[in-house]
Chemist: 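After the structure tokens below, expect a handful of questions from me.
On a predicted model such as this, the values are computed, not experimentally measured, just so you know.
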Amino acid sequence: MDRAGPELYASRGAIEQAVGRVAAQISEQCSDGAVLVSVLKGSLPFLADLVRAVDIAVEVDFLALSRFAADSGRVRLVKDLDCDVTGREVVLVEDIVDTGLSLGYLMGEMHRRSADSVAVAALLNRSARRILPVAPDYVGFEAPDEFFLGYGLDWAGRYRNLDRLVIADPGLLADDPDAYVPMLY
């Protein structure tokens with residue numbers, strides 16, 4: 001990728017429309033309520049907007065995974081749920097579904113905990129990199145095979161607070177993590 005600056009992928013308005021659509025779908029499918037489980041940290045802005053947009057009773061909880069161990073495809077829980085999901089409808093809220101490895105692990109974990117049902121709401125679905133044949137039930141955007149920043153997605157902790165999604169150059173960011181700061185803020 002050879003870009004002088006980041007490319008706008010989704011404006012705040014487009015994100016609001018996507019969140020509204022996903023919230024309506026969740027509200028229809030989970031009319032008796034659900035536990036919305038945010039996969040930290042990237043999904044937090046999506047969850048915050050989603051929880052305000054659904055019109056069903058929800059409980060909110062959080063979990064976090066370690067990064068993949070090199071060449072292993074393995075993750076581990078580093079922050080577990082505080083609530084019991086036994087017999088409940090669970091919606092995992094993800095920022096991006098990519099290879100499906102993390103999602104497959106989390107879905108299996110919710111089933112092991114006897115959740116009545118497990119669905120997935122993803123802001124971005126990037127199926128080009130899919131290894132496990134899993135797919136989100138609710139999707140904000142079908143994403144190209146690009147690197148994204150903003151609305152929870154980051155590089156070295158930066159750019160999560162952008163109110164929009166941009167496509168960025170990871171090579172440029174590897175050289176200078178603050179490369180886009182003057183352009184985006």
Side-chain angles (χ1 to χ4, degrees), residues 1-31 33-64 89-100 102-103 106 119-130 134-173 176-185:
M1 177 187 318
D2 184 23
R3 292 195 171 101
E7 175 187 330
L8 180 65
Y9 180 74
S11 67
R12 178 66 192 157
I15 292 171
E16 287 172 358
Q17 288 179 345
V19 169
R21 181 176 33 77
V22 169
Q25 293 168 342
I26 291 171
S27 297
E28 183 180 324
Q29 295 291 317
C30 304
S31 59
V35 180
L36 299 182
V37 175
S38 175
V39 182
L40 296 173
K41 298 179 185 172
S43 69
L44 194 55
F46 183 38
L47 171 78
D49 287 344
L50 194 59
V51 77
R52 288 188 297 261
V54 294
D55 60 4
I56 57 171
V58 294
E59 182 174 348
V60 174
D61 208 339
F62 304 89
L63 54 77
E89 292 188 61
V90 173
V91 179
L92 295 168
V93 180
E94 280 273 25
D95 52 358
I96 187 166
V97 176
D98 196 40
T99 63
S102 295
L103 182 56
L106 290 173
V120 177
L123 175 65
L124 295 169
N125 182 35
R126 185 168 48 196
S127 57
R129 296 186 185 182
R130 197 67 33 90
V134 295
D137 301 276
Y138 315 107
V139 175
F141 300 96
E142 291 294 337
D145 190 10
E146 297 281 3
F147 185 80
F148 291 89
L149 292 174
Y151 198 69
L153 297 159
D154 74 307
W155 179 274
R158 295 161 175 85
Y159 309 103
R160 285 190 198 277
N161 62 323
L162 293 175
D163 66 352
R164 60 206 176 276
L165 286 165
V166 298
I167 294 173
D169 181 346
L172 181 63
L173 290 165
D176 178 8
D178 294 321
Y180 293 132
V181 169
M183 293 174 245
L184 294 173
Y185 292 102

Chemist: Begin from the C-alpha positions of Asp95 and Phe148 and carry the test side-chain contact (heavy atoms from CB on, under 4.5 Å) through to its verdict.
Modeler: CA-CA 10 Å; Asp95 52 358; Phe148 291 89; over 6 Å; no
Chemist: Which atoms form the tightest heavy-atom contact between Arg12 and Asp163, and what is the distance?
Modeler: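 Closest pair (atom of Arg12, atom of Asp163, distance): CD-O, 3.2 Å.
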Chemist: Is the shortest side-chain heavy-atom distance between Leu123 and Phe141 below 4.5 Å?
Modeler: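 Counting from C-beta outward, Leu123 and Phe141 do come under 4.5 Å.
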Chemist: From Glu142 CD over to Leu124 CG, what is the distance, rounded to the nearest 0.5 angstrom?
Modeler: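 One gets 9.5 Å once the value is rounded to the nearest 0.5 Å.
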Chemist: Quick check against the 3.5 Å criterion: does Arg129 have a side-chain atom that pairs as donor or acceptor with the backbone of Asp145?
Modeler: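 Flag not set: sc Arg129 to bb Asp145 has no pair under 3.5 Å.
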Chemist: Do you know the tightest heavy-atom contact between Arg130 and Pro136?
Modeler: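 Closest approach of Arg130 to Pro136, heavy atoms only: NH1-CD, 4.3 Å.
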Chemist: For Trp155 together with Tyr180, are the ring centres under 6.0 Å from each other?
Modeler: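 They do not qualify: ring centres at least 6.0 Å apart.
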Chemist: Run the side-chain contact (heavy atoms from CB on, under 4.5 Å) check on Ser102 and Val39 step by step: do they pass?
Modeler: CA-CA 10 Å; Ser102 295; Val39 182; over 6 Å; no
Chemist: I need the Ser43 OG to Leu36 CG distance, nearest 0.5 Å.
Modeler: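 Those atoms lie 10.0 Å apart.
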Chemist: What's the separation between atom CG in Asn161 and atom CG in Leu44, rounded to the nearest 0.5 Å?
Modeler: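 Here the interatomic distance stands at 12.0 Å.
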Chemist: Would Phe46 and Val19 count as a side-chain contact (heavy atoms from CB on, under 4.5 Å) here? Give the steps.
Modeler: CA-CA 7 Å; Phe46 183 38; Val19 169; 3.9 Å; yes
Chemist: Are the side chain of Arg164 and the backbone of Tyr9 linked by a donor-acceptor contact shorter than 3.5 Å?
Modeler: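 Side chain of Arg164 to backbone of Tyr9, a donor-acceptor pair under 3.5 Å: no, none is there.
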Chemist: Within the structure provided, determine whether Pro45 and Arg160 are in side-chain contact (heavy-atom separation under 4.5 Å).
Modeler: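 They are not in contact (no side-chain heavy atoms under 4.5 Å apart), so the answer is no.
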Chemist: Any idea which heavy atoms bring Val139 and Arg21 closest together, and the distance?
Modeler: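 Looking at all heavy atoms of both residues, the shortest contact is O-NH1, 2.8 Å.
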Chemist: Kindly indicate whether the side chain of Val166, heavy atoms from C-beta on, has any atom under 4.5 Å from the side chain of Tyr159.
Modeler: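 No, side chains not in contact.
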Chemist: Drop me the distance from Ile15's CD1 to Leu165's CG, to the nearest 0.5 angstrom.
Modeler: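 Output value for this atom pair is 4.0 Å.
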Chemist: OG of Ser38 to CG of Leu63: how many Å apart, nearest 0.5 Å?
Modeler: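 It is 8.0 Å, given to the nearest 0.5 Å.
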Chemist: Please report the shortest heavy-atom distance between Ala122 and Val97, naming the atom on each side.
Modeler: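 Heavy atoms only, the tightest pair is CB-CG2, 3.7 Å.
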Chemist: Does atom CD of Glu16 have more than 12 heavy-atom neighbours from other groups under 6.0 Å away?
Modeler: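 Above 12, so yes.
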Chemist: For Ala121 and Leu50, which heavy atoms make the closest approach, and how far apart are they?
Modeler: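 Shortest heavy-atom separation between Ala121 and Leu50 comes out as CB-CD2, 4.4 Å.
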Chemist: Looking at every non-hydrogen atom in both residues, tell me the closest pair between Leu162 and Gly150 and how far apart they are.
Modeler: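 Where Leu162 meets Gly150 most closely, the heavy atoms are CB-CA, 3.7 Å.
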Chemist: Considering only heavy atoms from C-beta outward, does the side chain of Leu106 approach that of Val120 to under 4.5 Å?
Modeler: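 Leu106 does not reach Val120 side chain to side chain.
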Chemist: Per the side chain to side chain contact (heavy atoms under 4.5 Å, CB included) rule, which among Asp55, Ile56, Asp61 passes with Val58?
Modeler: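 The passing option is Ile56.
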Chemist: Looking at side-chain heavy atoms only, is the closest gap between Arg158 and Leu149 below 4.5 Å?
Modeler: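 No, every pair of side-chain atoms sits at 4.5 Å or beyond.
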Chemist: To the nearest 0.5 angstrom, please state how far the CG atom of Leu103 sits from the CG atom of Asn125.
Modeler: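 If we round to the nearest 0.5 Å, Leu103:CG and Asn125:CG are 9.5 Å apart.
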